[in-house]
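What follows is a set of notes on a single structure, which appears directly below.
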There are 2 protein chains.
Amino acid sequence: MLTERQLEIVLSVVYEYIQTGEPAGSRTISKKYLRGSSAATIRNEMADLEEMGYFYQPHTSAGRLPTSKAYRLYVDSIMQRRRTAPAETEQWAKDIRERKVGVESILSYVSELLGKATNCVGMAALSALDEVEIQRINFVRLGGSAVLLLVVLDAGLVHHTNIQLPCDLSQDVLDDIARKISTVACGRPWSQVRGALATYVLSGLEDVWDTCREAVVQIDLLLNHKTSRLFVGGAQHILNLPDFQDIGKIQAVLSLLEQENSIADMVERYSINQGVSVTIGDENTEEEMKDCSLVLVPSAGYGRRTVLGLIGPQRMDYEKSIAILEAIAENLNDSLVQ
Amino acid sequence: MLTERQLEIVLSVVYEYIQTGEPAGSRTISKKYLRGSSAATIRNEMADLEEMGYFYQPHTSAGRLPTSKAYRLYVDSIMQRRRTAPAETEQWAKDIRERKVGVESILSYVSELLGKATNCVGMAALSALDEVEIQRINFVRLGGSAVLLLVVLDAGLVHHTNIQLPCDLSQDVLDDIARKISTVACGRPWSQVRGALATYVLSGLEDVWDTCREAVVQIDLLLNHKTSRLFVGGAQHILNLPDFQDIGKIQAVLSLLEQENSIADMVERYSINQGVSVTIGDENTEEEMKDCSLVLVPSAGYGRRTVLGLIGPQRMDYEKSIAILEAIAENLNDSLVQ
DNA sequence: CGTTAGCACTCTCCTCTAATGAGTGCCAAC
DNA sequence: GTTGGCACTCATTAGAGGAGAGTGCTAACG
C-alpha cells in the first residue's frame, strides 16, 4: 500500500524524532536520510502520509510527528532485523549473579536495573504460577476460623493469604489436612494437581470435606492469577526524559504504577505472545498509557514463567530498549536456576 | 529569648506561608494577624528575626519565607495545642475495616489512604518485629544446603528468606529441627525466645548443633531489623502540590522512595520517640530530604508495633497532617485486631 | 525609646512588540 | 513525477515598559 519511498520516509521520521525529540521537517529528511529526493518531493509525500494517518503536526508551520501507526511500522521493521546485545550485558549478568539469592530479590533488582538502563520504568513479573512446582503447603491457625494459607513454590517463592475456613479447627487438624494435600501436591505444579486433588479430597477426607474444599478453592485463587508477583522499579528515571517534563504525564504513569492490578492485567494480556510484544500509545486500552508504550519480553528464567517489561514514552528508543530487555531476559536464565 | 510579639510574628509568617504558598510581607502580617502593630513595626521585627535565622528572602524586595528553625517553632506550638480529629475519620475507619483482612494488605491500603488524604507520600511500617508473637517457624529444603526460612508471626504476618545451612539435611530432619525450635518459640516474641533458645539448642540438639545455630542467627537477622516491613503509597499526590513543580525535587523524593533501606532507616531512627515525631527540612540527614519534612506517629495498632508516616514538602499543613495521622493511627487499633 | 508614617528604591512579573527562523503549501517550470 | 521558488504561518526569543508588592531608612510622635 505504501511505496518503497513512503515507507522510508515514515521510518526516517520516526527514527529522527526518536533521536532528536524534535518534529522532523522535509528538509532534514531529505538531507539526512533520502539524499536522492529533494525537500519538495518529501514535502509532497509527507502531506499524503499525513492524510493516511502516519503523521500529525503540532501546529501548521512545524515539522511532522509520528503517530502510533508510524511507530508500529517502525517497530515492526526493527523486529525483523537482528539485534546486537548491548555492550554492558556482561556487567549486568555479573551484577545479577552477585545479588543475594532468591527469586524475589533478583526480580526486584532486575526491575531497577531495567529502569536505569533504559530510562523507562522497569518491570519484572512472575506469571502462570500454577505451572510452577509446589514445594509445600501449610495452614497456620490465626484464631477463630481465620487461617493463614501458605504455599511455597520452587526456588523459594512464597505465596500466602489470609483466608476464612468454614469452621474453627485446631492447628493439629490443620496440619493433618496440609500434610494430606501436600502428599498429592508436592513436586508438581498446581495445574496438574488441581484435578487430582478434587478426587482425592472426595475420597480420603470426608470428615473435613468442607474445609478441604474451601482450601483448594483458595489455593486456586492464590495461584490462578496469571501474573501473581510483580516488581516495578526505576520509576525516577523517566523524569530524565524530555517527554515527561509535563507533570500531568508523570502523574498518569505514577498513578497507574500504584494500581498493581492494572499493570498485572496488562502484563497478562500481552504476554501470551511468544516473543517480544510492543504496545504503542493508542494501542493501549488504559487511558493513562495513551502517551506511553509497553514492551514485554518473556524470559527464559525460572521455567519460562518470567516476563520482563518496560513502560516508557511512546518516543522511546525501541531498538535499544528491546535489545536490553532481550539481553537481560536471556541472562536471567542462569541466575534463577541456582 | 524571643519576645511575645516576635513569637507571634514567626508563627504568623509560617501559618500564612503554609496557607498561601507566597512569601509573607509585613503589611499582610500586620493586617491579618497583628492588628495592634503597624506594618513598619512588624518590618523592624522581621529584619531582626531574619538576622536570628528564622526567615530569609528569596530576593530583596520580596516578603519573608520561614526557615526550618521557624517551622520548628510552629510545629512545637501546634503540638501543645489539642487537635480535633478530621471529619472524614469515620469514613476512613470504615474503609479500612472493609478491606480484606491481613496486616499487609491493610497497611498497604493505609499508606495510600494517607497519601490521598494529605497530598503527601504515605507510609506504614511494622517495626520491632522481635516484639511480635511467633506463630510458627518452618524450614523448606530448596535443594543442596539452600533452605527457605519461614517465620509466621501474629496476625498472619509472614517473613521469609533464603538461607544456606552448613550442611545438606533432608526435609524430615529440617522439619524436626523446626518443630523443636517451635516448641520453645511459638506464642512468644523473638526477643524473649532468643536467649532461651540458645540454651535449649545447646542442651537438646547436639547432633545438628551447627545447623541450629545458623538457623537461630538467620531468624535473628530476619526479625532484628527494627523496621522490617514498609509500605509506601500515594506518591502521585505530591505532584498536586505547587512545591513539587520542580522535576528535580520530584526525582529526589522518588529516588529516595526506591531505596527502601533509607526510608526504613529514617523510620527506625525517629520512631523511637513515644509520640508524634516531626523532622523538618534541614533537620533531616538525608540530602534528598532537605526540602521535605517527615512526620511519624506510632500507632496503637498491632501491639504498638506500627508506625505511620508522611513525607511531604517542608511547607506542609502540619496541623492537618498530624491530625489525620493521629486519627488513622488510632483507628488502626480496631482494624488490626480482628 | 518604642512606634509609626512616608518615601525612595528594588526586584519580580506581566504584557506588548518586533525580529527570527523553521517549516509548510502551492505554483510554475523542468 | 520532480524540483526550485516564494509567500505565508506560527512558535520562540529578546527587549522594553509599567504595575505591584515589599523593603529599608529616616524623621516625627507620644
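Residue numbers begin at 1 in each chain, while the letters A, B, ... track the order of the sequences. For clarity, every value in this text was computed on a predicted model and none was experimentally measured.
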Query raised in the report: Closer to the 5' end of DNA chain C via nearest nucleotide, is it Arg27(A) or Ala39(B)?
Result: Ala39(B)
**Report entry** Contact nearer the 5' end of DNA chain C, comparing Pro58(B) with Thr60(A)
**Finding:** Pro58(B)
Query raised in the report: In terms of side-chain geometry, is the basic nitrogen of Lys69(A) or Glu283(A) positioned less than 4.0 Å from the acidic oxygen of its partner?
Result: no
What nucleotide, of [options], holds the atom closest to the side chain of [X]?
X: Ser38(A); options: dG4(D), dT4(C), dT2(D); result: dG4(D)
X: Ser61(A); options: dA22(C), dG24(D), dG25(C); result: dA22(C)
X: Asn44(B); options: dG25(C), dG22(D), dT4(C); result: dT4(C)
X: His59(B); options: dT24(C), dG24(D), dC11(C); result: dC11(C)
X: Thr28(A); options: dG23(C), dA11(D), dG25(C); result: dG23(C)

Query - Gln314(B)/Asp243(B) under side-chain hydrogen bond (donor to acceptor under 3.5 Å, both in side chains): CA gap, chis, key distance, verdict - result: CA-CA 9 Å; Gln314(B) 204 172 0; Asp243(B) 311 75; over 6 Å; no
Report summary line: Only residue of Lys32(B), Arg64(B), Arg315(B) satisfying salt bridge (Lys or Arg N to Asp or Glu O under 4.0 Å) with Glu16(B) is Lys32(B)
Return the value, rounded to whole Å, for the distance between atom [atom1] of [X] and atom [atom2] of [N].
X: Glu22(A); N: dT24(C); atom1: CD; atom2: P; answer: 13 Å
X: Lys31(A); N: dG23(C); atom1: NZ; atom2: P; answer: 11 Å
X: Ile42(B); N: dT23(D); atom1: CD1; atom2: C1'; answer: 14 Å
X: Gln57(A); N: dA22(C); atom1: CD; atom2: P; answer: 17 Å
X: Ile29(B); N: dA21(D); atom1: CD1; atom2: C1'; answer: 14 Å
X: Asp48(B); N: dT23(D); atom1: CG; atom2: C1'; answer: 14 Å
X: Leu34(A); N: dG1(D); atom1: CG; atom2: P; answer: 18 Å
X: Arg35(B); N: dT3(C); atom1: CZ; atom2: P; answer: 18 Å

Requested in this report: Check every strand shown and say whether Ala40(B) touches a base, only sugar-phosphate, or nothing at a heavy-atom separation below 4.0 Å.
Outcome: base
Requested in this report: Can you check whether any acceptor in the base of dG5(D) is under 3.5 Å from a donor in the side chain of Arg43(A), or vice versa?
Outcome: yes
Query raised in the report: Where does the angle between the aromatic ring planes of Tyr17(A) and Tyr71(A) fall among parallel (under 30°), tilted (30 to 60°) and perpendicular (over 60°)?
Result: tilted
Query raised in the report: Within the structure, does a side-chain N or O atom of Ser37(A) lie under 4.0 Å from either OP1 or OP2 of dT2(D)?
Result: no
Requested in this report: Could you go through the side-chain hydrogen bond (donor to acceptor under 3.5 Å, both in side chains) check for Ser293(A) and Tyr318(A) one step at a time?
Outcome: CA-CA 9 Å; Ser293(A) 287; Tyr318(A) 294 95; 2.7 Å; yes
